[in-house]
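Remember, it's a predicted structure, so these values are computed and weren't measured experimentally. Atoms considered below: every heavy atom in the structure, side chains included; atoms not considered: hydrogens, waters and symmetry mates.
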Amino acid sequence: MPDITITSLTAAGGAQQITLAVAVSDGNVLPYLQLAAVEIWAASVNDRASAAKAGEGRRGS
């Protein structure tokens, strides 16, 4: 089964914002298994339990 892989992640700063661009390769995955969205989580330490969802981007938007 092919993997869904993030191939690049870039960030651009602006006035009170950071815009992220994510490039994804989902190979030969069946359409209903393709990535629909990417979630961004933020925390002051490397601990998912203390993280808060900072945003979500839908594919193609």
- Task: Please report the closest heavy-atom contact between Trp41 and Lys53, naming both atoms and the distance.
- Result: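 Scanning both residues, the minimum pair turns out to be CE3-N, 3.4 Å.
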- Keeping the roles fixed (side chain from Thr7, backbone from Ala23), state whether a donor-acceptor pair exists under 3.5 Å.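 It does hold such a pair.
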- Task: Measure the CD1-CD1 distance between Ile40 and Ile18 for me, rounded to the nearest 0.5 Å.
- Result: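 Taking CD1 in Ile40 and CD1 in Ile18, the distance rounds to 10.5 Å.
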- Query: With a 4.5 Å limit on heavy-atom distance, are the side chains of Ile4 and Val24 in contact?
  - Reply: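 Result yes, sub-4.5 Å side-chain heavy-atom pair found.
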- Validation row: Val45, Ser50 side chains within 4.5 angstrom (heavy atoms):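 Of all side-chain heavy-atom pairs linking Ser50 with Val45, at least one is under 4.5 Å.
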- Atom CG of Asp47: over 12 foreign heavy atoms under 6.0 Å: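 It does: Asp47 CG has more than 12 such atoms within range.
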